[in-house]
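Contents: one structure, followed by commentary.
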Amino acid sequence: VSQSRYTANYTITVNPIPNVSATPNPEIICSGGTTSVTLSSSIPGTTYAWTVSTSGNVTGASAGSGNSIRQTLTNTSAATQTVTYIVTPSFSNGGIVTTGSPLNVIVNVRPIPSLSSATSGLAICSGNTFNYTATSLTANTNFSWTRPSVTGISAAATSSTTATISETLTNTTTSPITVQYTYTLN
C-alpha cells in the first residue's frame, strides 16, 4: 500500500521593526516660536504618530502625525517649560502593522522676559540722581538699556548693558520734561 504525501510551500513576509530618530532632539525655542523637528527612520516607509506631555504652562502643543513636528508653542510662565512629544514609529506591509519603540522628543520653551519692577510714577527733581534697577521674574535675564539725548536735559545720550540706571539729570528749562529709557531683555 502506498501512501501519498502532500507537500506545501508557504511564503511568509517578516516585517522589520521600525525605529525613529529626531533632529534636533532636544530643541530649544523661545515662546511664540515654532518647533522644527524632523523625524526619520532607517526603515523606508515608516510613518510616525505622537502624543504630547506638558506641564500645562505651554499652549499650542498637540498630538499629531507626519514626518515633522511643526507647532507654534507659547510659554505662559516666567520659567523655561518642557514639552515632550512621544513619537511612535509604525511600518505597514501585507495588512500587518508593526510598531517600534517610542522616542521622547524634548522641546524646551523659553519664556519671553518682561520687567517686573515698577516702571511708572518715577520722578526726581532737577540735579538729582535717578536710580532704577530693572528686575524680571524670568531667571537669567540679560538687560540692556538706552536713553536718547533729550532737549532740555543736560546729560548726553547714554546706554548700558546692565539692569541699573544711575545718572544725574538736570532740567535746563522751566517746564517738566519726560525722559524715556528703553530696556531690552533677553
Side-chain angles (χ1 to χ4, degrees), residues 13-120 132-148 158-165 180-186:
T13 301
V14 180
N15 289 332
I17 296 175
N19 56 27
V20 60
S21 61
T23 304
N25 188 17
E27 181 175 33
I28 300 171
I29 65 171
C30 291
S31 182
T34 301
T35 61
S36 61
V37 177
T38 301
L39 305 171
S40 61
S41 176
S42 61
I43 310 297
T46 297
T47 59
Y48 316 96
W50 60 84
T51 58
V52 179
S53 173
T54 181
S55 66
N57 291 322
V58 175
T59 61
S62 61
S65 62
N67 293 327
S68 63
I69 302 172
R70 304 274 188 267
Q71 297 183 345
T72 300
L73 305 179
T74 302
N75 181 341
T76 59
S77 77
T80 297
Q81 299 294 311
T82 300
V83 174
T84 303
Y85 294 93
I86 301 97
V87 180
T88 302
S90 298
F91 180 81
S92 180
N93 184 42
I96 304 295
V97 177
T98 306
T99 58
S101 297
L103 172 70
N104 287 346
V105 177
I106 308 298
V107 178
N108 293 309
V109 185
R110 292 183 174 159
I112 295 176
S114 61
L115 288 176
S116 59
S117 48
T119 58
S120 63
Y132 176 79
T133 300
T135 59
S136 175
L137 296 177
T138 304
N140 302 314
T141 297
N142 294 311
F143 298 88
S144 64
W145 58 266
T146 60
R147 182 188 52 76
T158 188
S159 63
S160 177
T161 57
T162 67
T164 301
I165 299 170
Q180 182 173 326
Y181 294 85
T182 301
Y183 269 93
T184 301
L185 288 67
N186 57 39

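Numbers for residues simply follow the sequence, beginning at 1.
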Euclidean distance, [Y] [atom2] relative to [X] [atom1], rounded to 0.5 Å:
| X | Y | atom1 | atom2 | answer |
| --- | --- | --- | --- | --- |
| Asn15 | Ser92 | CG | OG | 7.5 Å |
| Leu39 | Ser65 | CG | OG | 10.5 Å |
| Asn186 | Thr141 | CG | OG1 | 8.0 Å |
| Asn57 | Thr74 | CG | OG1 | 12.0 Å |
| Asn142 | Thr162 | CG | OG1 | 11.5 Å |
| Arg110 | Thr138 | CZ | OG1 | 11.5 Å |

**Request:** Flag the pair Thr135 / Leu115 as yes when at least one side-chain heavy-atom distance between them is below 4.5 Å, and no otherwise.
**Result:** no
Determine the minimum heavy-atom distance between [X] and [Y], stating which atoms define it.
| X | Y | value |
| --- | --- | --- |
| Val83 | Val52 | CG1-CG1, 3.8 Å |
| Ala78 | Pro111 | O-CG, 3.4 Å |
| Ala22 | Val37 | CB-CG1, 3.9 Å |
| Ser116 | Leu137 | OG-N, 3.6 Å |
| Ser41 | Thr46 | OG-OG1, 3.3 Å |
| Thr72 | Thr34 | OG1-OG1, 2.9 Å |

Which pairs of donor and acceptor atoms, one on a side chain in residues 96-109, lie under 3.5 Å apart (sequence neighbours left out)?
{"unit_1": "Asn108", "atom_1": "OD1", "unit_2": "Thr82", "atom_2": "OG1", "d": "2.9"}

**Item:** Within 6.0 angstrom of Ile86 CD1, more than 12 heavy atoms from elsewhere
**Value:** yes
**Asked** Would Tyr48 and Val20 count as a side-chain contact (heavy atoms from CB on, under 4.5 Å) if you check the C-alpha gap in whole Å, the side-chain angles of each, and the deciding distance to 0.1 Å?
**Response** CA-CA 8 Å; Tyr48 316 96; Val20 60; 3.6 Å; yes
**Asked** In terms of ring plane angle, is the pair Tyr183 and Phe143 parallel, tilted or perpendicular, where the classes change at 30° and 60°?
**Response** perpendicular
**Criterion side-chain contact (heavy atoms from CB on, under 4.5 Å) on Val87 and Ile69, from CA distance to verdict** = CA-CA 10 Å; Val87 180; Ile69 302 172; 4.1 Å; yes
Using a 3.5 Å distance criterion without hydrogens, assess whether the side chain of [X] forms a donor-acceptor pair with backbone atoms of [Y].
| X | Y | answer |
| --- | --- | --- |
| Thr158 | Arg147 | no |
| Gln71 | Ser62 | yes |
| Ser136 | Ser114 | yes |
| Tyr181 | Ile165 | no |

Donor-acceptor side-chain pairing of [X] and [Y] below 3.5 angstrom:
| X | Y | answer |
| --- | --- | --- |
| Ser68 | Thr38 | no |
| Ser144 | Thr161 | no |
| Tyr132 | Ser117 | yes |

**Item:** Val58 vs Thr76, side-chain contact (heavy atoms from CB on, under 4.5 Å): CA-CA, chis, key distance, verdict
**Value:** CA-CA 6 Å; Val58 175; Thr76 59; over 6 Å; no
**Phe91: ring pair (Phe, Tyr, Trp, His ring centres under 6.0 Å) partners, not counting sequence neighbours** = none
**Message:** The test is side chain to side chain donor-acceptor pair (under 3.5 Å); show your working for Ser36 and Glu27 and say whether it passes.
**Reply:** CA-CA 8 Å; Ser36 61; Glu27 181 175 33; 2.8 Å; yes
